[in-house]
Amino acid sequence: MKRVDQHGGSPAAAGRLRAPLMLALMLVAVAAFRIHTAHYSLWYDELASLEFARQPVSRLWSSWMLRETNPPLFYTMLSGWIALVGQDDVAVRLLPIGIGTAGIGAAYGLGRAVGDAKVGLLAAALLSLSALGTDLSQQVRGYALAQLAVLLACTGMVLYLRRRTPVGLFLYGLATLIGLYTHTTLALFAGLAGVTMLWLLWSDRLAQARWLATNVAVLAGWGWWAMISLRQMTMPVANIAWIATPSWRDAVAMTAQVYLPLYADQPGLAGTLLLAGLFAGLAVCAVRAARPEIRLLAVLTIGAPVLLFAISQRVPIFLPRTLSWASGPAIVLLALAVTRIPSTLVARAGGILLLGLSTVGLANWLPNRERDHWNRAAALIERHRPSLVIVGDDAVALAIDHYRADSGQRGPRPIVVQSAYRERWAGGLYAGPHLSPRDVRDRLRTARCAAVVGWGPFRSPILDDPSVEAQALTHDSAPSVAQIRLKGVPGACHG
């Protein structure tokens, strides 16, 4: 007779429910933690997201987007989200937090597809504790959506490799199209996936033909943004001009930051050796693994940083966040490798070690995470009550305007005195005054208090005028705020 438990279910049924229940509890805990730690000022790129989300949707899906390197899907989603919840910092972060939490569920699904529930749970736990995953899910940017899309696309490919059913192709096609309209670098993923799957399906010509047809459909769907990207290549580089061409040491450091659990800025010798060992193991899997789905994930994990590095020698785009979408397959492979260790004791110890390292990485990153302090800059301006607020670009003016309006502050609108660097995406979006350095210098003769706000390369040229004196109000933080006055002209600020 089959034994039943006191609730009337079989042990097998209880076992099947255990993993989904653990996953559900994990997702609730992660979402609560990420919301609790999301109370900080939006940074520059996130404020850019808000500006795009405020545009008419018809504008986002037109040639007007030539000004922006990122596709419009996330901005469109954010536009609808803002209409529902408003523009409070935490409120807008709920959208990427929800997407990032869904990504943890997708990591579980991919882990289960290539292994079993243990693989899925370990992959989900590693992504839950990932400093990179937490960072991306709190950014009002499309990175969490890109990672979710890649995990779902990989699940579709695994299903197709195993069963040759249309469901897998449909999931891959839809998820890849979402990814391509979220971040342009996912074209690398689509290219890698397309070539690798053709190799893995070599002995099944019908499956190959269906795979090619699916990719043709994806390419046709992406055609509009592909044309936008091609047109952007003929324009002067602006929005990504600040990204440096990476050396191989830079590439190793950024790859280690994305793939290794400690999330260290500099991996050092130990981190470099660990990354080398990881890549060696992945290379063996790509060549010798008996199961095609493991070969697929190994090729994607190795190929992403290699392609990014090669492309960045001509057009620099290599950053931890542009590689972040590849961390999902890497985590799943790591979880699979640990759970397949023959010794149960060693496998458990390995899982605990990985989770422990991820926890340490998250704990170290959390208090030291890079962020901007636009709210503090707006508060400083309010405290000193300048009659002039000067900035170096439309983008900085938009950011200051946002936080001053958000806190109900009044006062003069920022005056743009254009820096040598110009942000293409912000051109024409700021309706406030734009003056020359000479005109601003004339205004300084009668202004008793003036402030200059800068961020990154946007340093107003008024600071280079030898007749202007500046007194910094911020130190080692972004954005910078300084009081200025003409030499010999008395001035006084409040505060």
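- Note that Arg321 lies outside the cation-pi zone of Trp325, set by a 6.0 Å cut-off to the ring centre and a 45° limit from the axis.
- Side-chain contact check for Gln232 and Thr69: no donor-acceptor pair (N or O, by modelled atom type) lies under 3.5 Å.
- Counted within 6.0 Å of CZ on Arg369, heavy atoms from surrounding residues, nucleotides or ligands total more than 12; the atom is thus considered enclosed.
- The number of heavy atoms from other shown groups lying within 6.0 Å of NE2 (His39) is above 12.
- Between the side chains of His402 and Arg54, at least one donor N or O lies within less than 3.5 Å of an accepting N or O.
- The shortest non-hydrogen separation linking Thr134 to Ser128 is OG1-O, 4.1 Å.
- With a 6.0 Å radius and a threshold of 12 heavy atoms from other residues, nucleotides or ligands, Arg348 has its CZ atom at or below the threshold.
- For Gln313, the CD atom sits in a packed shell: over 12 heavy atoms of surrounding residues, nucleotides or ligands are nearer than 6.0 Å.
- Considering Glu68, Gln55, Glu51 in turn, Glu68 is the only one that fulfils the side-chain hydrogen bond (donor to acceptor under 3.5 Å, both in side chains) rule with Tyr75.
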Q. After noting the C-alpha distance and the side-chain angles of Glu423 and Tyr44, does the key distance pass the side chain to side chain donor-acceptor pair (under 3.5 Å) rule?
A. CA-CA 12 Å; Glu423 189 73 290; Tyr44 175 82; 2.7 Å; yes
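- Looking at Arg164 and Asp204, a side-chain N of the basic residue comes within less than 4.0 Å of a carboxylate O on the acidic one, giving a salt bridge.
- Judged by the 6.0 Å and 45° rule, Arg376 forms no cation-pi pair with Tyr403.
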